[in-house]
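Numbers restart at 1 for each chain; the letters A, B, ... are given by sequence-line order, proteins then strands. Note that the structure is a prediction, hence the values are computed from the model and not measured.
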There are 2 protein chains.
Amino acid sequence: MSNKHNRLEELVARLRERGCRLTPQRMAVLKILTAGNCHPSVQEIYCQVRDEFPMMSLATVYSTLALLKEMGEVQELSWDGCRRYDAASSSPHPHLICLQCGEIVDLESDLLGNVADEIARRTGYQIVSHRFEFFAICPRCQEAACAASVGG
Amino acid sequence: MSNKHNRLEELVARLRERGCRLTPQRMAVLKILTAGNCHPSVQEIYCQVRDEFPMMSLATVYSTLALLKEMGEVQELSWDGCRRYDAASSSPHPHLICLQCGEIVDLESDLLGNVADEIARRTGYQIVSHRFEFFAICPRCQEAACAASVGG
DNA sequence: GTTTCTGCAAAATATTTGCATACGC
DNA sequence: GCGTATGCAAATATTTTGCAGAAAC
C-alpha cells in the first residue's frame with residue numbers, strides 16, 4: 001500500500017521535473033493508475049475519473065496516457081482489440097493475462113534472466129525494452145469451466 | 001524457401017480439413033503471409049493482394065486473418081497502434097522489433113526454456129500461449145543514427 | 001501574466017457487420 | 001446445386017486534432 005503511494009509520489013515528482021502541470025484531472029488519472037493492482041483500459045480510467053470529475057473529457061485521459069507513455073512511466077498492453085495500461089513501475093515486467101475474464105497479473109522481471117543481453121549479442125540489435133505476456137486461463141475461470149462441463 | 005512452401009501447403013491442408021473453401025483471394029492472402037520473412041499489416045496484405053485481384057475487398061482480408069487467428073495459425077503482433085501478422089509457424093516464438101524502421105525478426109522459441117511451465121506451476125494459471133517481444137534498434141538504424149550524429 | 005492543459009466537437013482511422021451475389025466444392 | 005465466401009457500403013468503435021477558454025505556476 002505504501003508502495004503504491006510511493007509510486008504515485010514518484011510519478012508526481014517526474015511530472016514536476018519535466019515542468020508538467022499537476023492538474024486535478026491528471027492527478028485523478030495518476031491515482032487510478034497507481035491504485036491497487038489494476039491494469040485499466042482507457043474507458044475504465046475515463047469512467048472512474050468521472051466519478052470525481054463529471055466534466056472530465058476522454059481526450060484528457062488519452063493525452064495523459066500519451067504523456068506517461070512517452071515518459072516511459074506506463075506500459076501499454078495490447079492484444080486482440082484490447083489496450084490496457086500498467087503504471088506499476090517504470091521497468092517492464094512480464095504479464096499473465098486471463099483470456100476469459102481479462103484479469104492481469106504482474107510477474108517478476110527476473111524471470112527473463114539475461115535473455116535480452118544474449119539476444120543483443122547475437123543479433124546486434126540494441127534492446128530498448130521488451131514485452132512479455134502469457135495468455136492463459138486463471139484458476140477461477142478453470143474451475144468455472146470445469147463446473148460447467150460437469151454440470152451440463 | 002522450401003520451408004516456406006511447406007508452410008503454405010500446411011495452411012492449405014488445415015483449411016481443407018476444416019472444410020473451408022480455397023478461394024483465389026484466400027490463397028493470395030496465404031501466399032503473402034508465407035512469403036519470405038514478412039510480418040505484414042492488414043493494409044500491406046490488402047495492397048499486395050490487389051496487385052493480383054484489383055476487386056479484392058478489405059473485409060475479405062480481415063475475415064481471412066480472423067479465420068487464421070482463430071485456428072491459431074497466425075500470431076497477431078500489436079504494439080502502439082500497429083498490428084502485424086506472423087504466420088511463420090503455428091507455435092509462438094519471440095520477436096525482435098525495430099522501433100525505427102519497423103523490421104521484425106523471428107527468434108527461436110527455445111529462448112524461453114521452461115519459464116512457461118514454471119509460471120503455470122507457481123500461479124495455477126493454465127498457459128494457452130504467449131507473446132514475447134523485444135523492442136530495439138536494428139544494426140542498420142544504429143549506424144544511420146551514428147552517422148547522423150557524427151555528420152551533423 | 002504566461003503558457004500549458006482542458007473540454008468539446010469534429011475528423012481521421014480502424015474494424016465489423018448485413019446482405020445480395022458469385023463461385024468453390 | 002448447396003452453402004460458404006466475397007464485395008460493397010454502412011455502422012461501429014477507437015483515437016486524434018483544432019481551438020477557445022480555464023487555470024496552474
Side-chain angles (χ1 to χ4, degrees), chain A residues 11-33 39-71 73-85 102, chain B residues 9 11-33 39-71 73-74 76-85 102:
Chain A
L11 286 178
V12 168
R14 291 276 156 77
L15 286 169
R16 268 195 217 288
E17 281 168 28
R18 213 173 190 265
C20 294
R21 292 184 183 165
L22 292 170
T23 63
Q25 292 94 329
R26 247 176 213 176
M27 284 302 294
V29 173
L30 294 186
K31 269 185 213 154
I32 289 167
L33 281 170
H39 301 79
S41 64
V42 169
Q43 280 299 328
E44 282 164 358
I45 296 171
Y46 181 50
C47 293
Q48 284 187 55
V49 175
R50 278 170 80 100
D51 290 343
E52 207 177 335
F53 299 94
M55 297 302 289
M56 178 87 177
S57 135
L58 235 197
T60 300
V61 177
Y62 276 107
S63 85
T64 302
L65 287 172
L67 175 63
L68 292 171
K69 209 162 51 167
E70 192 209 312
M71 292 169 68
E73 297 296 333
V74 302
Q75 278 187 76
E76 185 181 77
L77 303 174
S78 58
W79 76 98
D80 240 330
C82 307
R83 286 206 213 179
R84 304 291 207 80
Y85 295 86
Chain B
E9 284 175 4
L11 286 177
V12 168
R14 292 276 157 77
L15 286 170
R16 268 194 217 289
E17 279 168 32
R18 213 174 191 265
C20 294
R21 294 187 183 161
L22 292 169
T23 63
Q25 292 93 330
R26 246 175 213 176
M27 284 302 294
V29 172
L30 294 186
K31 269 185 214 156
I32 289 166
L33 281 170
H39 302 79
S41 65
V42 169
Q43 280 299 328
E44 282 164 357
I45 295 172
Y46 181 50
C47 293
Q48 283 188 53
V49 175
R50 277 170 80 100
D51 289 344
E52 208 178 334
F53 299 95
M55 296 302 290
M56 179 87 176
S57 133
L58 234 196
T60 300
V61 177
Y62 277 108
S63 86
T64 302
L65 287 172
L67 176 62
L68 293 171
K69 208 164 51 168
E70 191 210 313
M71 294 168 67
E73 298 296 333
V74 301
E76 186 181 76
L77 304 174
S78 57
W79 74 99
D80 239 330
C82 305
R83 284 207 214 178
R84 304 291 205 83
Y85 295 87

Query raised in the report: For the side chain of A/Tyr62, counting heavy atoms from C-beta on, which of D/dT15, C/dG7, C/dC25 is nearest?
Result: D/dT15

Report task. Record whether the side chain of A/Arg83 comes under 3.5 Å of the base of D/dT14 through a donor-acceptor pair of N or O atoms. Result -> no

Requested in this report: Check the pair A/Tyr85 / A/Gln75 against side chain to side chain donor-acceptor pair (under 3.5 Å), numbers first and verdict last.
Outcome: CA-CA 6 Å; A/Tyr85 295 86; A/Gln75 278 187 76; over 6 Å; no

Query - Charged N-O contact under 4.0 Å between A/Arg18 and A/Glu70 - result: yes

Requested in this report: Between B/Ala66 and B/Leu22, name the one whose nearest nucleotide on DNA chain C is closer to the 5' end.
Outcome: B/Ala66

Report summary line: A/Tyr46 atom OH is separated from D/dT14 atom P, nearest whole Å, by 13 Å

Query - Closest-nucleotide ordering on DNA chain D, the 5'-leading residue of B/Arg50 and B/Gly19 - result: B/Gly19

Report summary line: Among the nucleotides D/dA5, C/dT15, C/dG7, whichever has the atom closest to the side chain of B/Leu58 is C/dT15

Query - Contact summary for A/Leu30 and A/Val12, nearest pair of heavy atoms - result: CD1-CG2, 4.2 Å

Requested in this report: Among D/dT6, C/dG24, D/dC8, find the nucleotide with the atom closest to the side chain of B/Pro24.
Outcome: C/dG24

Query - Closest to the B/Met55 side chain, choosing from D/dG7, D/dC25, D/dT6 - result: D/dG7

Query raised in the report: How many Å lie between CE on B/Met27 and C1' on C/dC23, as a whole number?
Result: 16 Å

Query - With A/Cys82 via side chain to side chain contact (heavy atoms under 4.5 Å, CB included) - residues at least two apart - result: A/Trp79

**Report entry** Whole-Å gap separating C1' (D/dT15) and CD1 (A/Ile45)
**Finding:** 14 Å

Query raised in the report: When you match A/Val42 and B/Pro54 each to their closest nucleotide on DNA chain D, which lands nearer the 5' end?
Result: B/Pro54

Query - Separation of B/Thr64 OG1 from B/Ile45 CD1 (nearest 0.5 Å) - result: 9.0 Å

Query - Given A/Ile32, A/Val29, A/Thr60, A/Leu58, the one that forms side chain to side chain contact (heavy atoms under 4.5 Å, CB included) with A/Tyr46 - result: A/Leu58

**Report entry** Closest to the B/Ser57 side chain, choosing from D/dG7, C/dA14, C/dT6
**Finding:** D/dG7

Query raised in the report: CZ/A/Arg84 to CG/A/Leu77 distance, rounded to the nearest 0.5 angstrom?
Result: 8.5 Å

Query - Stepwise side chain to side chain contact (heavy atoms under 4.5 Å, CB included) test for B/Lys69 and A/Asp80 - result: CA-CA 10 Å; B/Lys69 208 164 51 168; A/Asp80 240 330; 3.4 Å; yes

Query - Closest to the B/Arg21 side chain, choosing from D/dA5, C/dG7, D/dT15 - result: D/dA5

Report task. Return no unless some side-chain N or O of B/Thr60 is found under 4.0 Å from OP1 or OP2 of D/dA5. Result -> no

Report task. Could you state the atom-to-atom distance from CG of A/Asp80 to P of D/dA13 in whole Å? Result -> 16 Å

Query - A/Leu65 CG to C/dC5 P, straight-line distance once rounded to whole Å - result: 15 Å

Polar atoms only, N or O, under 3.5 Å: list the protein pairs with nucleotides 10-12 of chain D and their distances.
none

Query - d(CZ, B/Arg26; C1', D/dT6) in whole Å - result: 10 Å

Report summary line: Out of D/dC8, D/dT14, C/dT6, minimum distance to the side chain of A/Thr23 belongs to C/dT6

Requested in this report: Mind calculating the distance between CH2 (B/Trp79) and P (C/dA14) to the nearest angstrom?
Outcome: 14 Å

Query raised in the report: In whole angstrom, what separates B/Met56's CE from D/dC8's P?
Result: 11 Å

Query raised in the report: Which nucleotide sits closest to the side chain of B/Arg16: C/dC25, C/dA9, D/dT6?
Result: C/dC25

Query raised in the report: Any side-chain N or O of B/Gln25 under 4.0 Å from OP1/OP2 of D/dG7?
Result: yes

